[in-house]
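Step one of this worksheet: look at the structure below.
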Amino acid sequence: MPALWLFTSLVGDMIDSARLNLPDFEPGHVWLVGAGPGDPGLLSLLALHALGNADIVVYDALVDPRILRLALPSAVLDFAGKRGGRPSPSQPDISARLIGLARKGKRVLRLKGGDPCVFGRGGEEALALASAGVPFRIVPGITAGIGGLAYAGIPLTHRNTNSAVTLLTGHDSDGTVPGGLDWPAIARGAPVLVLYMATRHLPNIVERLLSGGRRPEEPVAVISKATTPAQRVVVSTLGEVATASAGVESPSIIVIGEVVRFHTALDWLGALEKNPMLELKSS
Ligand code: SAH
């Protein structure tokens, strides 16, 4: 896509001319970068800078294709997720690949959906790089549990509603509900819970939260494909969400708590879609 590449290099020039003092992407270095939840507009300048300089981009399934098109035309795009039903490469394989490429003197961009260190195994890859003596940098991204809520018009925190949030995964490394979690404590711990990877075990999770004291009428939103053109928000209650969200496409983020009620008033994306002229009038 030459036009897109031109865009990247123009933006690259702007970044340089703004003298932001961004670090050079040195050969033999690995950058572990968060690509955000989908919308390319949510990329950081460092992520764009990395895309404009990487020799190879090792990316996961959740990285939006529009973002990959911002890589240099000469860059190798290397998919590290599940391919055509075959299992995804193991974590040690991916780490070994990153180390091998860096040792060949490549500028290696390890691109992950959301933030690399939020349920993204960024820490594991960084540890492998550190113990191999490969220089690396971590560039945070907007995690789905924060960006997705913003795009659904649901504030993560709101005065009088919650002064704490819990982010958790509904899926352990062995594919089951996290057994190591103290669910009654989670249920009591924070007024707002944001769940990643929770669709598959939702009925089980809901049951644990209800027995831990959460109310069945508590509002819940399921935000599917957040920040992409296919974003969908299903609002329900804790008692009914497992049924209400059946058939909602993945990936999805689930948010439980009173902040969900703000969606009705703050669904800015829905409002713009219903009336695209609003966007023009307000600018
Ligand atoms: N590192 C990522 C999370 C990876 S775990 C981050 O910081 O966002 C994968 C889970 O993230 C998915 O199962 C889903 O729960 C959530 N997720 C990632 N992208 C999403 C999106 N665009 N919309 C909704 N949920 C998303």
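Whatever order the structure lists them in is the order used to number ligands and atoms, beginning at 1.
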Plane angle bin for Phe25 and Trp31 - parallel if under 30°, tilted between 30 and 60°, otherwise perpendicular: parallel
Taking atom 11 (O) of ligand 1 as the reference point, the nearest protein heavy atom with its distance: Tyr196 CD2, 3.5 Å
Identity and distance of the protein heavy atom lying nearest atom 5 (S) of ligand 1: Phe119 O, 3.4 Å
Residue part near ligand 1, for Leu62, under 4.0 Å between non-hydrogen atoms: side chain
Within-cut-off N or O pair, Ser224 and ligand 1, under 3.5 Å: no
Partner residues of Ala265 under the side-chain contact (heavy atoms from CB on, under 4.5 Å) criterion, sequence neighbours left out: none
Ser245 OG to Ile254 CD1 distance, which is reported to the nearest 0.5 Å: 6.0 Å
Within-cut-off N or O pair, Pro37 and ligand 1, under 3.5 Å: yes
Residue portion contacting ligand 1 (non-hydrogen atoms closer than 4.0 Å) for Gln231: neither
Shortest reach to atom 19 (N) of ligand 1 by a heavy atom, considering only Ala35, Ser250, Ala144: Ala144
Element-labelled atoms of ligand 1 that are located less than 4.0 Å from some non-hydrogen atom of Thr143: 6 (C), 7 (O), 8 (O)
Residue portion contacting ligand 1 (non-hydrogen atoms closer than 4.0 Å) for Thr227: neither
ILVMFWY cluster, Leu101 and Val57 together (side-chain gap under 4.5 Å): no
Leu168 side, atom CG; Trp183 side, atom CH2 - distance, nearest 0.5 Å: 5.0 Å
Side chain, backbone, both or neither: Ala226 near ligand 1, heavy atoms under 4.0 Å: both
Salt bridge flag under 4.0 Å for residues Arg232 and Glu249: no
Straight-line distance of Asp39 CG to Asp64 CG, nearest 0.5 Å: 8.0 Å
Aromatic contact, Phe136 with His29 (centres under 6.0 Å): no
SB check Arg107 Glu26 (cutoff 4.0 Å): no
N or O contact, Val118 vs ligand 1, cut-off under 3.5 Å: yes
Residue-ligand contact Gly113/ligand 1, heavy atom below 4.0 Å: yes
Min heavy-atom dist Lys225 to ligand 1 below 4.0 Å: yes
Minimum-distance protein heavy atom relative to atom 10 (C) of ligand 1: Met197 CG, 3.6 Å
Contacting atoms of ligand 1, where contact means under 4.0 angstrom from a heavy atom of Pro251: 12 (C), 14 (C), 17 (N), 20 (C), 21 (C), 23 (N), 24 (C), 25 (N), 26 (C)
Test item, Gly148 contacting ligand 1 (heavy atom, 4.0 angstrom): no
Arg97 and Asp78 ion-paired at < 4.0 Å: yes
Heavy atom of the protein closest to atom 14 (C) of ligand 1 (residue, atom name, distance): Ser252 O, 3.4 Å
For Ile223, atoms of ligand 1 separated by under 4.0 Å from a heavy atom: 24 (C)
Contact check, Ile253 vs ligand 1, heavy-atom distance below 4.0 Å: yes
Spatial distance of atom CD1 (Ile256) from atom CD (Glu218) [nearest 0.5 Å]: 7.0 Å
